[in-house]
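Let me begin by presenting the structure, written as structure tokens, before commenting on it.
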Amino acid sequence: QVQLVESGGGLVQPGGSLRLSCHASGLGSGFPLDYYVIGWFRQAPGKEREGVACIRRSDGGTDYSSSVKGRFTISRDNAKNTVYLQMNSLKPEDTGVYYCGAFVTPVQDQDMCVNWGVDFWGQGTQVTVSS
């Protein structure tokens, strides 16, 4: 069974930092499936889920939303089957539920961080940036 579990969300003041983690079970070594791309997506109430930062398993190539470039960094630890999102200089507009999503089939570079192609989702973790 494939399961993605996020952690690390919380309430942070503007300008603060937060580190999210996503642990993937049922993927990778010893399993028939592995992720091709894994990443972070966020959703505010009444809004579509949007890609924030994604990373390719094979070479570590990344794709970031323009709104987070220079502030967020995605990384992976394949030995731990874990993906991280380091969020710095947080802004109120970063508020939302952050979901970990995994693609298990190859996707084009331009589609590597779009929500419609995600095969497996985590349950989400709330990030609130407010003073």
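As the structure is a prediction and not an experimental result, all values here were calculated from the model.
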Could you pull out the closest heavy-atom pair between Val118 and Gly101, with the gap in Å? CG1-CA, 3.7 Å
Within the structure provided, determine whether Asn81 and Leu27 are in side-chain contact (heavy-atom separation under 4.5 Å). no
Same cluster or not: Val83 versus Tyr64, using hydrophobic residues (I, L, V, M, F, W, Y) connected whenever any side-chain heavy atoms lie under 4.5 Å apart? yes
Hey, what do you get for CG (Asn88) to CZ (Arg19), rounding to the nearest 0.5 Å? 11.0 Å
Could you walk me through whether Gln126 and Thr95 pass the side-chain contact (heavy atoms from CB on, under 4.5 Å) test, one step at a time? CA-CA 8 Å; Gln126 177 71 42; Thr95 294; 4.1 Å; yes
Spacing of His23 atom NE2 and Ser7 atom OG [to the nearest 0.5 Å]: 10.0 Å
Ser17 vs Gln86 side-chain heavy atoms within contact, under 4.5 Å: yes
Cluster link Val12 to Tyr84, ILVMFWY, side chain under 4.5 Å: no
Specify the closest pair of heavy atoms between Ala53 and Leu85, including all atoms of both residues, with the distance to one decimal. CB-CD1, 3.9 Å
Donor + acceptor pair across side chains of Tyr35, Asn78 (<3.5 Å): yes
Would you check if there is a donor-acceptor pair between the side chains of Thr128 and Ser130 at a distance under 3.5 Å? no
Gap between atom CG of Asp111 and atom CH2 of Trp116 - 0.5 Å precision: 4.0 Å
Show the numbers, then the answer: is there a side-chain contact (heavy atoms from CB on, under 4.5 Å) between Val127 and Asp94? CA-CA 8 Å; Val127 172; Asp94 294 318; 5.5 Å; no
Parallel, tilted or perpendicular for Tyr98 and Phe72, by the 30°/60° rule? tilted
When rounded to the nearest 0.5 angstrom, what distance separates CG in Asp63 from CD1 in Ile74? 9.5 Å
Hydrophobic cluster membership, Trp121 vs Tyr36, 4.5 Å side-chain cutoff: yes
Is there a path of hydrophobic side-chain contacts, each under 4.5 Å between heavy atoms of I/L/V/M/F/W/Y residues, joining Val68 to Ile55? yes
Distance from Arg57 atom CZ to Asp34 atom CG, nearest 0.5 Å? 4.5 Å
Supply the atom-to-atom distance Arg71 CZ to Ser65 OG, rounded to the nearest 0.5 angstrom. 9.0 Å
Can you see which heavy atom on Val2 is nearest to which on Gly26, and at what distance? CG2-O, 3.8 Å
Could you tell me whether the side chain of Cys100 reaches within less than 4.5 Å of the side chain of Trp40, counting heavy atoms only? yes
Please name the pair of heavy atoms, one in Gly10 and one in Leu18, separated by the smallest distance, quoted to 0.1 Å. N-CD2, 3.8 Å
Under 3.5 Å, is there a donor-acceptor pair between the side chain of Glu6 and the main chain of Gly124? yes
What is the ring orientation for Phe103 with Phe41, classed by angle as parallel under 30°, tilted 30 to 60°, or perpendicular over 60°? tilted
Counting only heavy atoms from other residues, nucleotides and ligands, does the tally under 6.0 Å from CD of Gln110 exceed 12? yes
When you compare the side chain of Thr62 with that of Met112, does any pair of heavy atoms fall below 4.5 Å? no
Below 4.5 Å, heavy atoms only, C-beta onward: do Val129 and Met87 meet side chain to side chain? no
Residue pair Leu4 / Cys22: nearest heavy atoms and the distance that separates them: CB-SG, 4.1 Å
Show the nearest heavy-atom pair for residues Cys54 and Val37, with the distance to one decimal. CB-CG1, 3.8 Å
Heavy-atom check, side chain of Gln123 versus side chain of Val5, under 4.5 Å: yes
